[in-house]
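Only one structure is covered here, and it is reproduced in the block below.
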Protein chains: 2
Amino acid sequence: MATQGKRTRIEDIRRIELIAAAHRVFLEHGLQGMTSARICREAGMSPGILAYYFKGKDEVLFGMVRYNNRLLMEDVIARLSAAPTNWARLEAIVEGNFPSQAFTRAIASAWMSVCAEAGVNEQYARLQQLFHRRLRSNLASVFDGMFDAARLHEASLIIAALIDGLWLRKAVADDIGRDEAITLVFRGIHSLVSDKEEQRLRYPPGREPKQAAAGRRRRL
Amino acid sequence: MATQGKRTRIEDIRRIELIAAAHRVFLEHGLQGMTSARICREAGMSPGILAYYFKGKDEVLFGMVRYNNRLLMEDVIARLSAAPTNWARLEAIVEGNFPSQAFTRAIASAWMSVCAEAGVNEQYARLQQLFHRRLRSNLASVFDGMFDAARLHEASLIIAALIDGLWLRKAVADDIGRDEAITLVFRGIHSLVSDKEEQRLRYPPGREPKQAAAGRRRRL
DNA sequence: CAGAATCTTGTACGAGCATACAAAAATCTT
DNA sequence: AAGATTTTTGTATGCTCGTACAAGATTCTG
């Protein structure tokens, strides 16, 4: 409160460095192997530093999950706002949920450990639920008008679950690549929506086919 | 080797009791909270007993996962062999993957913790892969003849991933019930296969509609 | 029933971990 | 530059958990 010129800056820097280090450790060793000492070593600092900038390890962990989710969301948001058609929006959502360099077994298994923890720890659960809701509402906004309310709910849930299930398989068996996963999700979408509706996705209403145009954006 | 009359019997009994106790602890506390002491207490034995009958905790854990998977598989196998039509076989597979009393948040989160561990520990991975392969080959046997090889692969993978994804959502958000989950999987199946093919599932070839008959069984 | 084999108990040891903290180093202030 | 403040270090403490083990209880055997 008294000083803001330097103190807050260094403090914020260290906190971010530690969270970023925690993120790297997390992606390599999972939630389980994410020990205080390892985080500090990864950040190139002394083991005691964590207690100086954070109340405890849980605070770092929590910040890390938020950091991770923010990274993913920002990517999807950027792609969404640049998408000209609803179909492009759909591609943005699906591809954004399989980040190019991140569809890795190690990352999938780290992600699984967060989901396992979310089953027990209500704070993690809330973070994941936020994430899930965002995915589903993004999907629903693209599908809007194609189904009645109940089917809309169902379709977005099916696609969201399909995406999660593919991540789970990646963690367990690692028998699927990024492009394959994306193809499978689109196969699922394709079979859920009728051909006529799929055309409406590819070419926004009021425009000729073959001529892409900026679809109205409903949600970010 | 020398004595088999009593020794092996008591030994097997204790091992099974401990594994069953481990299973109960696992379902309640997850892989993380599954401590040696808790397992022994749950089994009504002394904390040291575990080291007498097992080489270490990992052996109990491993046996527990096998025990769990066997329970699930036996249920599916029993339903499968009693199924008169391919459609009934499909119902057996899908419903067997959402056991009546077991589609619980606690159980889902315990299951997630195994998947997370499988990403790191190759032994768990193999167990889960076995499980996944069985599910997919069961699905594929029902769908056989409806798709070409590539699409068959895709369809079984999509449905299997959808099932896993619904379990994951159960762990994280607990916003879905057993019947709802089964309905969603069938919605996915319905949209993947054509109406004509779906009829072929419901009524085996060579039989009149409305008259259920025993379909030939392809796989167990 | 005595002695041996088997089974069970309770405890003790050590490893790994989160956290607290005193001392050292660095930085800022005047 | 001297003193005050902030930042960093290294270590110590206490806790949880897996495992080993000696001693006690039970069952088997002759």
Side-chain angles (χ1 to χ4, degrees), chain A residues 1-23 25-26 28-65 113 116-117 120-121 123-124, chain B residues 1-22 24-26 28-65 110 113 117 120-121 123-124:
Chain A
M1 265 207 197
T3 60
Q4 281 190 331
K6 268 281 164 85
R7 176 149 55 185
T8 49
R9 184 166 310 171
I10 251 283
E11 181 165 331
D12 286 353
I13 288 175
R14 287 290 172 275
R15 286 175 68 97
I16 290 173
E17 282 177 343
L18 281 169
I19 284 180
H23 186 237
V25 172
F26 166 70
E28 191 175 359
H29 299 283
L31 207 59
Q32 179 78 281
M34 196 174 144
T35 159
S36 304
R38 249 206 277 256
I39 294 170
C40 295
R41 183 151 18 97
E42 174 70 31
M45 304 178 196
S46 153
I49 200 75
L50 202 149
Y52 185 73
Y53 286 110
F54 292 91
K55 208 173 54 187
K57 189 195 161 194
D58 284 350
E59 203 177 309
V60 192
L61 259 157
F62 204 66
M64 187 274 296
V65 176
S113 60
E117 190 64 20
V120 173
N121 186 326
Q123 288 202 300
Y124 288 102
Chain B
M1 262 202 204
T3 60
Q4 282 190 331
K6 269 279 162 92
R7 174 147 59 186
T8 48
R9 184 165 311 172
I10 252 282
E11 180 164 333
D12 287 354
I13 288 176
R14 289 289 172 275
R15 285 176 69 97
I16 290 174
E17 282 177 343
L18 281 169
I19 285 179
R24 291 193 298 275
V25 171
F26 165 70
E28 190 175 0
H29 300 283
L31 208 59
Q32 178 79 285
M34 195 174 144
T35 160
S36 304
R38 250 205 276 257
I39 294 171
C40 296
R41 182 150 19 94
E42 174 69 30
M45 304 178 196
S46 152
I49 200 75
L50 201 149
Y52 184 74
Y53 286 109
F54 292 91
K55 208 174 55 189
K57 187 193 161 196
D58 284 350
E59 203 177 308
V60 191
L61 258 157
F62 204 67
M64 187 273 297
V65 175
S113 60
E117 190 64 20
V120 173
N121 186 326
Q123 288 202 300
Y124 288 103

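Labels below follow one simple rule: chain letters A, B, ... track the order of the sequence lines, proteins then strands, and each chain is numbered from 1.
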Legend entry - Within residues 42-54 of chain A: residues closer than 4.0 Å to DNA chain D (heavy atoms): Met45(A), Ser46(A), Pro47(A), Gly48(A), Ile49(A), Tyr52(A), Tyr53(A)

Is a side-chain N or O of [X] found less than 3.5 angstrom from the main chain of [Y], in a donor-acceptor match?
X        : Y        : value
Arg15(B) : Tyr53(B) : yes
Lys57(A) : Leu50(A) : no
Arg38(A) : Gly33(A) : yes

Inset, instruction - Compare every heavy atom of Leu18(B) with every heavy atom of Met45(B), then report the nearest pair and how far apart it is. - result: SD-CD2, 4.2 Å

Inset, instruction - Let me see the working for Leu31(B) and Leu61(B) under side-chain contact (heavy atoms from CB on, under 4.5 Å), right down to the final yes or no. - result: CA-CA 8 Å; Leu31(B) 208 59; Leu61(B) 258 157; 3.1 Å; yes

Tell me the interatomic distance from [X], atom [atom1], to [N], atom [atom2], rounded to whole angstroms.
X        : N       : atom1 : atom2 : answer
Ile10(B) : dA25(D) : CD1   : C1'   : 14 Å
Ile13(B) : dC7(C)  : CD1   : C1'   : 13 Å
Arg14(A) : dT7(D)  : CZ    : C1'   : 8 Å
His29(B) : dC17(D) : NE2   : C1'   : 15 Å
Ile39(B) : dC17(D) : CD1   : C1'   : 12 Å
Arg41(B) : dT11(C) : CZ    : P     : 15 Å
Gln32(A) : dA18(C) : CD    : C1'   : 14 Å

Which atom pairs link the protein and nucleotides 14-17 of chain C when you take only N or O atoms and keep those under 3.5 Å?
none

Inset, instruction - May I ask you to test the Phe54(A)-Ile19(A) pair for a side-chain heavy-atom distance under 4.5 Å? - result: yes

Inset, instruction - Check side chain to side chain donor-acceptor pair (under 3.5 Å) between Glu17(A) and all other residues, then give those that pass, not counting sequence neighbours. - result: Arg14(A)

Legend entry - Flag if over 12 foreign heavy atoms under 6.0 Å of CD, Glu59(A): yes

